[in-house]
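Read the structure below first, then the notes.
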Amino acid sequence: VQLQASGGGLVQAGGSLRVSCAVSGRTFSGYAMGWFRQPPGKEREFVAGITWSGGSTAYADSVKGRFTISRDAAKNTVYLQMNSLQPEDTAVYYCAARRGFYSVNHYSYDYWGQGTQVTVSS
């Protein structure tokens with residue numbers, strides 16, 4: 001089972017990026033997906049979550065209205081579209097999967113991607 005995150009990079013404040021998480025090795029039907037981030041020197045924090053059906057999503061207050069999580073079941077891929085990026089969004093972004101519903105608690109996730117760096121310059 002592998003989760004492969006990609007799409008990070010360097011962007012100026014106000015810009016946009018889309019990060020992707022490709023899932024391989026098994027079907028993730030019945031699993032929820034989450035995006036987390038870990039800023040330098042800080043704890044990992046919840047960013048967004050989505051059920052595999054896509055019927056339910058959730059966002060951290062800090063990204064609500066700017067970020068959008070989505071998934072393409074046919075491609076076994078989850079996306080995080082990030083708009084109006086700010087320097088405080090700089091972090092390593094991780095995707096994760098857990099059975100059932102998404103959770104804001106990163107300890108409850110079973111599978112993790114390797115992380116992709118997002119850097120926002122002011």
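When a residue number appears, it is its place in the shown sequence, counting from 1. This is a predicted model, so every value here is computed, not measured.
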State yes or no: do Phe46 and Met33 share one hydrophobic cluster built from I, L, V, M, F, W and Y residues joined by side-chain heavy-atom distances below 4.5 Å, directly or via other members? no
Side-chain polar contacts of residues 10-22 - donor-acceptor pairs under 3.5 angstrom, sequence neighbours left out - could you list them?
unit_1: Ser16; atom_1: OG; unit_2: Asn83; atom_2: OD1; d: 2.9

Please enumerate all residues that pass side chain to side chain contact (heavy atoms under 4.5 Å, CB included) together with Thr68, with sequence neighbours excluded. Tyr59, Gln81
Indicate every side-chain donor-acceptor pair of residues 93-106 with a distance under 3.5 Å to a residue at least two apart or in another chain.
unit_1: Tyr93; atom_1: OH; unit_2: Arg37; atom_2: NH1; d: 3.0
unit_1: Tyr93; atom_1: OH; unit_2: Asp89; atom_2: O; d: 2.6
unit_1: Arg98; atom_1: NE; unit_2: Ser108; atom_2: O; d: 3.4
unit_1: Arg98; atom_1: NE; unit_2: Ser108; atom_2: OG; d: 3.2
unit_1: Arg98; atom_1: NH1; unit_2: Phe101; atom_2: O; d: 2.2
unit_1: Arg99; atom_1: NH2; unit_2: Tyr31; atom_2: OH; d: 3.4
unit_1: Tyr102; atom_1: OH; unit_2: Ser56; atom_2: OG; d: 2.8
unit_1: Tyr102; atom_1: OH; unit_2: Thr57; atom_2: O; d: 3.1
unit_1: Ser103; atom_1: OG; unit_2: Asn105; atom_2: N; d: 3.0
unit_1: Ser103; atom_1: OG; unit_2: Ser108; atom_2: OG; d: 3.3
unit_1: Asn105; atom_1: OD1; unit_2: Tyr107; atom_2: N; d: 2.9

So, do Trp112 and Arg44 sit near enough that their side-chain heavy atoms are less than 4.5 Å apart? yes
Under the side-chain hydrogen bond (donor to acceptor under 3.5 Å, both in side chains) rule, collect the residues that match up with Ser24, sequence neighbours excluded. none
Contact between Arg71 and Thr77 at the side-chain level, heavy atoms closer than 4.5 Å - yes or no? no
Tell me every residue that passes side-chain hydrogen bond (donor to acceptor under 3.5 Å, both in side chains) with Gln4, counting only those two or more places apart in sequence or in another chain. none
Are Leu85 and Leu80 linked, directly or through other ILVMFWY residues, by side chains that come within less than 4.5 angstrom of each other? yes
Out of curiosity, does Ile50 fall in the hydrophobic cluster containing Leu3 (side-chain heavy atoms, cut-off under 4.5 Å, transitive links)? yes
Gln114 atom CD: more than 12 heavy-atom contacts under 6.0 Å: yes
Met82 side chain reached by Val47 side chain, heavy atoms, under 4.5 Å: no
Are any of the side-chain heavy atoms of Val92 and Thr116 separated by less than 4.5 Å? no
What residues, two or more places apart in sequence or in another chain, satisfy salt bridge (Lys or Arg N to Asp or Glu O under 4.0 Å) together with Asp61? Lys64
Taking side-chain hydrogen bond (donor to acceptor under 3.5 Å, both in side chains) as the definition, give me every residue that meets it alongside Gln117, ordered by chain and number, with sequence neighbours left out. Thr119
Measuring only between side-chain heavy atoms, which start at C-beta, is Phe36 closer than 4.5 Å to Tyr109? yes
Apart from Tyr79 itself, residues in the same hydrophobic cluster as defined by side-chain heavy atoms under 4.5 Å: none
Pairs where residues 26-82 contributes a residue and the test disulfide (SG to SG under 2.5 Å) is met, not counting sequence neighbours: none
Kindly indicate, with the supporting measurements, whether the criterion side-chain contact (heavy atoms from CB on, under 4.5 Å) is fulfilled by Val118 and Thr90. CA-CA 5 Å; Val118 171; Thr90 295; over 6 Å; no
For residues 106-115, the salt bridge (Lys or Arg N to Asp or Glu O under 4.0 Å) pairs (sequence neighbours left out) are none
Applying salt bridge (Lys or Arg N to Asp or Glu O under 4.0 Å) to Lys42 and not counting sequence neighbours gives none
